[in-house]
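Only one structure is covered here, and it is reproduced in the block below.
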Number of protein chains: 2
Amino acid sequence: MNAMISTSEKILDVAQSLIVAGGYNGFSYADISDAIGIRKASIHHHFPTKAELVAALVDRYRQQTELGLKALREQSASPADQLQAYVNFWQACIQDATLPFCVCAMLAGETPMLPEEVASRVRAHFHHLAGWLTSVLRAGAEQQLIRLDKRPDDEAQMLMASVHGAMLSARAFGDPGMFAAIVKPQIARLLVANR
Amino acid sequence: MNAMISTSEKILDVAQSLIVAGGYNGFSYADISDAIGIRKASIHHHFPTKAELVAALVDRYRQQTELGLKALREQSASPADQLQAYVNFWQACIQDATLPFCVCAMLAGETPMLPEEVASRVRAHFHHLAGWLTSVLRAGAEQQLIRLDKRPDDEAQMLMASVHGAMLSARAFGDPGMFAAIVKPQIARLLVANR
DNA sequence: ATTTGTCTTCCTACTAGTAGGTAGACAGAA
DNA sequence: TTCTGTCTACCTACTAGTAGGAAGACAAAT
C-alpha cells in the first residue's frame, strides 16, 4: 500500500515541512527520526551532514519549481494567465497549508548563518524565479497584455518581493487570505485595460 | 569610558543582532555570554527564559520604532516625504549593516514555532507599522500628493510587504542596493505627478 | 545450486559538545 | 540588613555526528 516512496524522499519531505515551519536551525535529525520512524543514524547514512541534507532539499525544491513553472508556461495561453496561475498556486498552498511558505524565502532570511553550500543554492533559486518572471513579463509586454513602468527584470524583482512579503504578512497576521489581498492588486496594476 | 549602558540593554543589543542574523533558534545564551563577557547564569538573572528575553526585545524594538516613526511624522513636512524618509532609513540600515533586517520580519517567518508571547508581539508590530503607513497614505491622499488605487489600509499592506520582500531579496542576492531598487519604484508609483 | 563478496539500508550504542535553566555563594550598595 | 548583580558549579535534555555490526539483495564464481 506504500506509494513506493523512497526513504530519502521521505526524509526530504519531512525536513522540508520542518524548515518551512522553523528554518534551518528549527529542526534536528531527531525530529525527522521521530516523524518517519527511523533511527537518527540511518538519516546520516542518506545525508551525512545537515548541510548536505538541506542542500539536497533546496536542489530538489528548485527542480520541482522549474518543472512547475515550465508546465505553467505550456498550459496557460497568455502571459497574463501565467502570472495569475502562479499566484493562484501559492494562494492554494497557503490556504490548505500544504506548503504555507516558500522554502527558499524562509532560508533567505537566515542567509548570514547558512552553510555556503545552502546559501548559494537559495541564491540560485531566487535568480531562477526572477528570470522566469522577467520572461513572462517581457512576453506580456510584447503582446501588449502587460504594461511595464520599468525594465522587465526590475518589475520581476518587485513582483517577487511582493510575493515573499505577502507570505510573511499572511504568517504574521495568521491570515492566509492576506497573501492574495496583497499580491492580486500588484498583478492587476500590471494588466492592461482590464475591461 | 563606558557609555553607562546597562547590562540588560547590552544583552538585548547583542541578542537583537544575533536574531537579525539567524532568527529565534539561531542564537543561544552562550553566544550572548561570549559577546559581552558575562556568564550565562547572569543573563538568566536579567531574563529568566529565552522567551521572556525575546519578548522584551520585541517590546523594545516596537517602542523604538514607534518613537522613530513619530519623529518622522513631526520632522517631515509632507506625507510623501515621510514615506521617502522611512525607506531611506531602512536603506541606510541595510547599507551600513547596522540593522540589516527587520527584527519582526525575521521572527514573523518563524511564527509557527515561536512562543506565543513572542508571536503576539510580532503581530502587534506588524499591526502598528501597517497602521502608521495607512495614516501616512491617507493623509497623502487627502492632500492629493499620493494617488491610491485601493483603500489606504490595503495599499499600506502592499507597501509593507514590498519592504519586507525587498529586505529578503537584498539578503538572498547579497546586494544591499536591491532593497532600494525594489522599494523606490513602489513609492514612486504612489506619488502624484512627480514633476 | 551454492557459495562468496559487495552493496545498501538500517540498527544499537556511543561521543563530544551545546541547549536552556537552576542552586547557592559572595561582594558591594542601599 | 536586605537587595542587586555577578559568579562558580552543576543539571538534564538535546545537538550533530561516528563506530561497528546485522540483514537482506544481487551478481559472479564455484
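Computed over heavy atoms, backbone and side chain alike; hydrogens, waters and symmetry mates excluded. Residue numbers start from 1 in every chain, and the chains themselves are labelled A, B, ... in the order their sequence lines are given, proteins ahead of strands. Computed from a predicted model, the values in this text were never measured in an experiment.
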Tell me the interatomic distance from [X], atom [atom1], to [N], atom [atom2], rounded to whole angstroms.
X: B:Ile43; N: C:dT22; atom1: CD1; atom2: C1'; value: 15 Å
X: A:Ile38; N: C:dT9; atom1: CD1; atom2: C1'; value: 8 Å
X: A:Phe27; N: D:dT15; atom1: CZ; atom2: P; value: 11 Å
X: A:His44; N: D:dT15; atom1: NE2; atom2: P; value: 11 Å
X: B:Met113; N: C:dG20; atom1: CE; atom2: C1'; value: 16 Å
X: A:Tyr29; N: D:dT18; atom1: OH; atom2: P; value: 10 Å
X: A:Ile36; N: C:dT9; atom1: CD1; atom2: P; value: 13 Å
X: A:Glu52; N: D:dA16; atom1: CD; atom2: C1'; value: 13 Å

Side chain B:Lys50 and base C:dA19 donor-acceptor under 3.5 Å: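 Such a pair does not exist between side chain and base.
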
Sugar-phosphate, base or nothing in reach of B:Ala41, heavy atoms under 4.0 Å: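 Base contact - B:Ala41 has a heavy atom under 4.0 Å of at least one base atom.
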
Sugar-phosphate only, base, or nothing, as touched by B:Phe47 at under 4.0 Å among non-hydrogen atoms: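 Touches nothing.
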
Where the side chain of [X] meets the backbone of [Y], is there a donor-acceptor pair that is under 3.5 Å apart?
X: B:Glu155; Y: B:Asp149; answer: yes
X: B:Tyr29; Y: B:Lys50; answer: yes
X: A:Gln82; Y: A:Val136; answer: no

Counting just side-chain N and O atoms, does [X] come under 4.0 Å of either OP1 or OP2 of [N]?
X: B:His45; N: D:dG5; answer: yes
X: A:Ser28; N: D:dT15; answer: yes
X: B:His46; N: D:dT4; answer: no
X: A:Ser42; N: C:dC11; answer: yes
X: A:Thr7; N: C:dC10; answer: yes

Any donor-acceptor N or O pair under 3.5 Å, side chains A:Glu9, A:Ser6: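 The criterion, which ignores hydrogens and geometry beyond distance, is not satisfied for A:Ser6 and A:Glu9.
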
Aromatic plane relationship, A:Phe173 with B:Phe126 - under 30° parallel, 30 to 60° tilted, over 60° perpendicular: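 Rings of B:Phe126 and A:Phe173: perpendicular, over 60°.
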
